[in-house]
Undergrad: 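Below you will find the structure I want to go over with you.
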2 protein chains.
Amino acid sequence: MLNFDFYNPTRIVFGEGQIAKLRELVPQGARVLMLFGGGSIRANGVYDEVKAALAQHTVFEFGGIEPNPTYETLMEAIALVKAERIDFLLAVGGGSVIDGSKFVAAGALVDGDPWSILEQHAKNVKAALPFGAVLTLPATGSEMNAGAVITRKATLEKFAFGSRHVYPQFSVLDPTKTYTLPARQVGNGIVDAFVHVMEQYLTYPAGAKVQDRFAEGLLSTLVEDGPKALAEPHNYEVRANLMWTATLALNGLIGAGVPHDWATHMVGHELTALYGLDHAQTLAVVLPAMLRVRREDKRAKLLQYAERVWNIVDGGEDERISQAIDRTEAFFRSVGVGTRLPDYQLGAEVIGPVVKALEAHRMVKLGERRDVTPEVSRKVLELCL
Amino acid sequence: MLNFDFYNPTRIVFGEGQIAKLRELVPQGARVLMLFGGGSIRANGVYDEVKAALAQHTVFEFGGIEPNPTYETLMEAIALVKAERIDFLLAVGGGSVIDGSKFVAAGALVDGDPWSILEQHAKNVKAALPFGAVLTLPATGSEMNAGAVITRKATLEKFAFGSRHVYPQFSVLDPTKTYTLPARQVGNGIVDAFVHVMEQYLTYPAGAKVQDRFAEGLLSTLVEDGPKALAEPHNYEVRANLMWTATLALNGLIGAGVPHDWATHMVGHELTALYGLDHAQTLAVVLPAMLRVRREDKRAKLLQYAERVWNIVDGGEDERISQAIDRTEAFFRSVGVGTRLPDYQLGAEVIGPVVKALEAHRMVKLGERRDVTPEVSRKVLELCL
């Protein structure tokens, strides 16, 4: 096990009917800015429940935060925060709204242009506005971590930042609020959580038995309950398990004391920035190819994964590894997410620009051994066709 | 899955050499009281490392906190805190020292006699001194939770309290500091962690797949690495896995959203209070008998446990359940902890007094269904002979 420093102070209030607890969770007397996305929270009743719970609070609103939240939009929110002397943020939505709110929370207090937070890896973040979240889409884990990914529309750049100042104070997770999600978002969320786990698990053995077993437990739950969420949208237990799994997939716990990969994410970010694919779509495309290209480096963990997650125990080692990767790809397809570039009307023409973007962003030594060079990324992309 | 509220702000600084980080972890300018036990930390080098890390701090010392820490001793520490205007506590030791420090932290600020904290289930705890911990004995999980068990010598009472004000700010976990633990304490720690998991897992199915799998992951790791810790005391990976497992066994995570039992603990506490058995010894005695008496109520989970933790898949259901319980008892014995009252020179004469003590302490509706009456506890004790 590697040495580690684990800290996660976010309070999780989980279950049906818990949105009403906002009344006590949001500080009395706060000037609250409620941030949300395109309006789905009006259709599924979340907006009304939040407003009812905060009837005694002073609440301003900022809607329209887009998927892959942009600097340009969030700067408008920061302007509103300053104009109205907001002192508490409430993110209501999925990972994009929560990520965006983290940027607003830090950006409202930083000196100079908030884009510097991305450029300086948040080293200039010394404080942030306190905030909470109401999660409507299990996927990114943003509700219980201190990271965010922000896109700059003008330059097609997509960067991540993390700072211990931007843990949500609390997040409310009500599985019933996910019943009406479109199938595409449900499938994306399952893939996103799955790949989050894989980035922290499928590297090389580090003797961390608990972390491995927790990761395998999350993966197995996604494999079992992911397709069920699509088949039985109102199954509470299924939705509850998926929601808690997606949170635990990226709250720091399974990543403590083990090597991390994240190469799939870095290649995927470029695909989103350049071609507008959903984040999870890029992961579903890149991960299987990434595992195929790097199967020798990841041999020991791929065999463990094959046995413990997919119950593949027969056949030679190479065959078991191939089967495990094939089943991973088939699983993504089974929840409705395409795994090849042509599924998104893209082809070999994207390889050059993506590799060039990786180089431009200095993403030239990726992976748990820092050996995923642009040349390796090119090979990965060639297997995505 | 049941609704839940999960919150755990303790920072874990894990790994070899991490005690040196106390220099930054303990606030500058604090008046620190270092609390410890019987002096083992002088033998294993922890005392010297802590003092070296805090060379620039103002540090007072309070040694002599006993296993099953007593109100009587801790009141002396509270007097010292007040006399020296201490504003930060550092617990250095195992669960007893950390539990005791929690009582000191809350007791120093409570109105009236601190024993009222136990009597009022901590409802009168409105604040506590901040504190951190250096863990030397993986077992109780106290290093990452907000609970403590305190004994009153004068009345032979042993009570628990919990308050969100007594989470450690941080805990330093260095597995190498456990190399020199006596075998008895290593075995006790393994049993303690194992039974903590069982109290939150072995109840009835609640559809909480992730919690179940995390619990099973912790149990499997204890089964694999517990005996190794005794056979290879200097195996870092084994010690690291055990240490992190014991912390995760009782930090709130696996218990969020599931029913809890804790009847074994309640009966065990009376055995410790009346006859002085080590806490883990009482658990090793009571748990197997508790499972045997309540096997019908726990049938579904016992079958799951048999299959997933012990790989018992052949034979009829009743046979599999019996095997799983037998193997649990054999596992406790394999790490050197006796599982029957005669192993501790006790016999049927204890049954009456223990049942009477349970009644006196209103422990008359125990277990996940509140149906473990004194009569059931009596049957359990009869199977401990």
Side-chain angles (χ1 to χ4, degrees), chain A residues 1-18 21 25 144 164 167 169-175 205-222 224-225 235-245 247-249 251-254 256-257, chain B residues 1-18 21 25 144 164 167 169-175 205-222 224-225 235-245 247-249 251-254 256-257:
Chain A
M1 199 182 306
L2 309 180
N3 285 1
F4 67 82
D5 193 332
F6 176 78
Y7 169 70
N8 193 321
T10 300
R11 177 177 172 186
I12 299 293
V13 182
F14 191 101
E16 183 166 12
Q18 300 298 293
K21 295 226 172 114
L25 290 167
M144 198 183 185
R164 61 193 299 156
Y167 281 102
Q169 281 194 350
F170 62 80
S171 285
V172 179
L173 278 59
D174 179 344
K209 292 189 175 190
V210 173
Q211 291 90 325
D212 277 5
R213 287 193 164 108
F214 279 18
E216 289 152 358
L218 297 174
L219 295 172
S220 295
T221 302
L222 291 166
E224 279 177 17
D225 279 7
N235 184 324
Y236 182 84
E237 293 300 355
V238 165
R239 294 292 188 158
N241 281 321
L242 287 183
M243 202 165 202
W244 191 216
T245 295
T247 301
L248 292 168
N251 77 340
L253 184 69
I254 63 166
Chain B
M1 199 183 306
L2 310 179
N3 285 1
F4 67 82
D5 192 331
F6 176 76
Y7 169 70
N8 193 322
T10 300
R11 177 177 173 188
I12 299 292
V13 181
F14 191 101
E16 183 167 12
Q18 300 298 293
K21 296 224 172 115
L25 291 167
M144 199 184 183
R164 62 192 298 156
Y167 281 102
Q169 282 195 347
F170 63 80
S171 286
V172 179
L173 279 59
D174 179 344
K209 291 189 176 190
V210 173
Q211 292 90 326
D212 277 6
R213 287 194 164 106
F214 279 19
E216 290 151 358
L218 297 175
L219 294 172
S220 296
T221 302
L222 290 167
E224 279 177 17
D225 278 7
N235 184 323
Y236 182 84
E237 293 302 353
V238 165
R239 294 293 186 156
N241 281 321
L242 287 182
M243 203 165 201
W244 191 215
T245 295
T247 300
L248 292 167
N251 77 338
L253 183 70
I254 62 166

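Note on naming: letters A, B, ... go to the chains in the order of the sequence lines (proteins, then strands), and numbering restarts at 1 for each one. These numbers come from the heavy atoms of this one structure, side chains and all, not from hydrogens, waters or symmetry mates.
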Undergrad: Which atoms form the tightest heavy-atom contact between A/Met1 and B/Asn241, and what is the distance?
TA: CE-OD1, 3.4 Å

Undergrad: So which of A/Glu216, A/Arg213, A/Glu224 has the biggest tally of heavy-atom pairs under 4.5 Å with chain B?
TA: A/Arg213

Undergrad: So for B/Leu248, is it side chain, backbone, both, or neither that comes closer than 4.5 Å to the heavy atoms of chain A?
TA: side chain

Undergrad: Give the member of B/Tyr7, B/Phe170, B/Phe214, B/Tyr167 that has the highest number of heavy-atom pairs under 4.5 Å with chain A.
TA: B/Phe214

Undergrad: Kindly say whether the aromatic ring centers of A/Phe4 and B/Trp244 come within a distance under 6.0 Å.
TA: yes

Undergrad: Pick whichever of B/Val13, B/Asp225, B/Thr221, B/Val238 has the most heavy-atom pairs under 4.5 Å with chain A.
TA: B/Thr221

Undergrad: Please classify the contact between A/Tyr236 and chain B as side chain, backbone, both or neither, with a heavy-atom cut-off of under 4.5 Å.
TA: side chain

Undergrad: Within a strict 4.5 Å, meaning less than it, do heavy atoms of the A/Phe6 and B/Met144 side chains meet?
TA: yes

Undergrad: Evaluate the criterion side chain to side chain contact (heavy atoms under 4.5 Å, CB included) for residue pair B/Val210 and A/Leu218; output intermediate values, then yes/no.
TA: CA-CA 6 Å; B/Val210 173; A/Leu218 297 174; 3.8 Å; yes

Undergrad: Where on A/Thr10 is there a heavy atom nearer than 4.5 Å to chain B: the side chain, the backbone, both, or neither?
TA: backbone

Undergrad: Identify which part of A/Leu173 has an atom lying under 4.5 Å from any heavy atom of chain B, answering side chain, backbone, both or neither.
TA: neither

Undergrad: Which answer fits B/Arg239, side chain, backbone, both or neither, if we ask what part of it has an atom under 4.5 Å from a heavy atom of chain A?
TA: neither

Undergrad: Take B/Ile12 and A/Asp5, measure what side chain to side chain contact (heavy atoms under 4.5 Å, CB included) needs, and give me the verdict at the end.
TA: CA-CA 6 Å; B/Ile12 299 292; A/Asp5 193 332; over 6 Å; no

Undergrad: Between B/Asn3 (side chain only) and A/Gln18 (backbone N and O only), is there a donor and an acceptor less than 3.5 Å apart?
TA: no

Undergrad: Name the member of A/Ala256, A/Ser220, A/Gly257, A/Pro175 that forms the most heavy-atom pairs with chain B at distances under 4.5 Å.
TA: A/Ser220

Undergrad: Under 4.5 Å from any heavy atom of chain B, what part of A/Met243 do you find: side chain, backbone, both or neither?
TA: neither

